[in-house]
Amino acid sequence: MATTTATPTPAPKVNRLGLPILDYRGGKTTLCAGCGHNAISERIIDALYEMGVQPERVMKLSGIGCSSKSPAYFLSRAHSFNSVHGRMPSVATGALLGNKTMTALGVSGDGDTASIGMGQFVHLMRRNLPLIYIIEDNGVYGLTKGQFSATADIGSKLKTGVINDLPAIDTCSLAIQLGATFVGRSFSGDKKQLLAMLKAALAHKGTVMLDVISPCVTFNDHEGSTKSYAYVKEHDVVLHTADYIAGGREIVVDYEPGSVHDVELDDGSHVLLRKLDVDYDPTDALGALRIIHETADRGEFVTGLLYVDTQDRDLCERERLIPTPLAHLDEESLRISREDWEKLMQ
Amino acid sequence: MATGDVALGQQAASASVHDASKRVVNDFSIQVATVNGSGSQSANSVLLKSIFGMGIPVSGKNLFPSNIAGLPTWYTIRDSKYGYVARKKEIDILIAMNAETAKEDILSLPSGAVAIYEDAQNLKQYRDDVACYPVPFDKLTAAVCPEARLRKLVKNMIYVGVIAQLLSFDMTAVEAALRRQFSKKQKAADLNWAAVQAGYNYAAESFTKHDPYVLERMHATEGKIIIDGNAAAALGAMFAGVTVVTGYPITPSSSVVEQLIDYLKKYRIEADGKSTFAVVQAEDELAAVGMVLGAGWSGARSMTATSGPGISLMAEFAGLGYFAELPGVIFDIQRVGPSTGLPTRTAQSDLLSIAYLSHGDTKHVMLLPGSVKECYEFAIAAFDLAERLQTPVFVVSDLDLGMNNWMSEPFDYPEKPLDRGKVLTAEDLKRLGEFGRYKDVDGDAIPYRTLPGTDHPKAAYFTRGSGHNEKALYTERPDDYQNLMERLNRKFETVRTLVPAPIVAQTGKSKVGIIAFGTSDFAVIESRDQLKKEYGVETDYLRIRAFPFASEIHEFVASHDRVYIVEQNRDAQLLSLLKLDLPAAEIVKLRSIRHFNGLPIYARSVTDEFVLQEGII
């Protein structure tokens, strides 16, 4: 038998935790080839890998629908909870109160959020729960074969020729009005922007609401649809290019003074928003609402970090929770003393 | 009246004409008819606790409307030297403080009863067979309470004084109860005590007693406490180590969460001001239970409290909790349904809907407390069971138990350590290599779980309401689904052995049995005595304390010829559940006694129906 010198396989690339990107992958997707949701899963994997998040420190939560299946397709090493339709926010609230030290990723869809889940969605935004809430937004119900959802634009056409005659619910404006502290819109096809926003989201403390336009290749990618790849590419008004700079790293980006908006996030990292055509201040809620509505009136989508508030207290802070996760408290810290008991029984 | 029964034309059968020469000691009922929002609660509480302080067994029931202020409300107090605490239907002493219902109230009294009322009302004109004591309430109030805005409240203490004098209350007991009621408000205590004395003095000077009712000191309440079921449940929850509490306000359950917040603020805030608990007022009951299951999944002890309409809203999540095996505790303080129903009246009518709450093949564990002590004990047990069994556990109480004050033996400090169930740690996983989330390893059909954040690459699993196999992977395979459903069924067999066993009172002499649960117990205890005393009929009795049913229940039915199921709903819900559980030969033995008009069940209704169905008359 001839001996061969084995070519040493190059050590796989690893992140700061020494983990290869493989450790961030999930099961094989069962969504349609070309579905925007798969691209979002890829970006989530990239963001967690690049940020060096320990997979076991993440909880994935979702509702019901095509979008809500996707947590099965990334980060298998994290606990996941595929709950009931439109009710993921409540499950996430309970889970995070139980263990506030976890990074929580919630994946929802436009039906799951803007119709059946509207009640829980709006209250989630009010509470400022430290959850990254992603809407994989395609304007249709996929699993039930293509009915309009409440984010479908007025005048948009189904494959069957049916025209939507109801106004769309804009989840970003709602989230801003209700007190969400990090609101962005992106497009599953814009790898760079989505990745930067996800990384910034991971560094933010409080509710992150990301509405990601994610075309449905099977039921809503045709001529006449306002959520098709072609339409979105054509009508995407990109506010700024976003660069995420991890905390502690020196910011050495060369830029013209006044051309970049620097947002410092909770963990000391920065997101640098490089201005394009419009002068935009993401800490101005009224300005955010104005541009969302102005672009929508023109049949366009504005994408980018629309609004951020890094000062507000999150739910766990308002509840004044102790540092130890409530789920880890033992009998000793939970039971009152016999002396107190005797007093109580008098 | 008034509180329903008598208005239905069921004039008290046992009413007899009393006279002052035949003393009735420590065995009668008092009803205060008042207006909702008039602040009579403190006065009624002082009355109840004064009687309790005199060592006499006592119970009180607030019969109130779904209204903030202005509608009629009644408070009934029963003292019973025999220790009976069920509602007594006949009113012996009426305090008519509500001008609007006063005529109806006095007309509903049995002959020989007592009426105390504002003298301007002249109720005497309606009844010459009732001992009448007219009192100038407003005049007496004005004399002791110069501040006009307080008079509405203070007026109530006048009747406390009047009745205390008429019934020979021990005034040291009255003062003690009153001082305790206003323990944090010295000025209010003094003002109210002055009102009590004014009433007392007026009665002493103006009335010659012409009724037979008196109280005499006993020693039957020493060492006992008075508490309502919702407060008891809240205490139990705190003792069980609850950390995540959610709720959506709904009568009659709101006070479970409100009391719990008080206890938690007192006992579960660390020296640095940080809390070992979180309380969230949810946007609705769907969210409330979703938060409970999310918290349970993360490893926290979590609970919510609700009533019938909330239970309906929780249906979908309840099915998920059962199927995905998530712990959580849900208190249902039952009220009259369906829909809004009678929101401030009591019932035992959520049994069927909880037992099978949700779609698909689902069933749930119910604990059925029959006393305030059991509200406390079952609250503790519920958290242990939920984590042991990994399933939602329902503690099913009712308005009567939850919102009324009851005497009780003091509760016991729990000696049993918390049972956190089958949870694998990172160290366990290092040893085992891996685990199957839904695998029955121990043969009790209860699998092992890991908590989010467990630091091991094989710790994670996927929780879902869709089909899953032993490894928690998605599946639609027929055998996987069937295996899972059969294991869940076997788990329910394990449950039977872990839930509180029934309480059985068996004489060995009777072929006739009675089965009841919850607050029907008080009426059944008294009814069995009536049957024995008045008809010479011995009965055996079993009180169910949990669903699924323990094997003792089967044995009890098997050992009797006829078994009467007593419950407070129209559709014989407990009987229906028993039918599903018992062999065909036993089902034919079951008979039904029901009470469902919104007021608590009383002994005579059980006795009369029993006698009728047995053909004893």
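Letters A, B, ... mirror the listed sequences (proteins, then strands); counts begin at 1.
Annotation: side chain of B:F277 is not in contact with side chain of A:L326 (no heavy-atom distance under 4.5 Å). Contact annotation: the side chain of B:M238 approaches that of A:I336 to within less than 4.5 Å [non-hydrogen atoms, C-beta and beyond].
Counting heavy-atom pairs closer than 4.5 Å to chain A, the top residue among B:A459, B:A278, B:G465 is B:A278. When A:L61, A:V122, A:I322, A:L315 are compared by the number of non-hydrogen pairs under 4.5 Å with chain B, A:I322 comes out ahead. Taking chain B as the reference chain and counting heavy-atom pairs below 4.5 Å, the highest number among A:E342, A:E56, A:M102, A:M88 is found for A:E56. Contact count versus chain B (heavy atoms, under 4.5 Å) is highest, among A:Q54, A:R87, A:R57, A:R127, for A:R127.
Using a 4.5 Å cut-off between heavy atoms, B:I269 does not touch chain A at all. Contacts between B:R180 and chain A at a heavy-atom distance below 4.5 Å involve the side chain alone, from C-beta outward. Neither the backbone nor the side chain of A:A92 has a heavy atom closer than 4.5 Å to any heavy atom of chain B. Interface remark: B:S302 contributes no atoms to any contact with chain A (heavy atom separation under 4.5 Å). Heavy-atom distances place the side chain of B:Y263, and not its backbone, under 4.5 Å from chain A.
The aromatic rings of A:W341 and B:Y413 sit perpendicular to each other, their planes meeting at more than 60°, with 30° as the lower class boundary.
Interface with chain A: from residues 311-325 of chain B, residues B:E316, B:F317, B:L320 qualify, criterion being any non-hydrogen pair under 4.5 Å. Chain A is approached within less than 4.5 Å, heavy atom to heavy atom, by B:L286, B:A287, B:G290, B:M291, B:L293, B:G294, B:A295 from residues 285-295 of chain B, ordered by number.
For the pair A:A327 and B:A300, the tightest heavy-atom approach, listed with the atom from each and the gap, is CB-N, 3.6 Å.
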Full working for side-chain hydrogen bond (donor to acceptor under 3.5 Å, both in side chains) between A:H79 and B:T454: CA-CA 9 Å; A:H79 275 74; B:T454 304; 5.2 Å; no

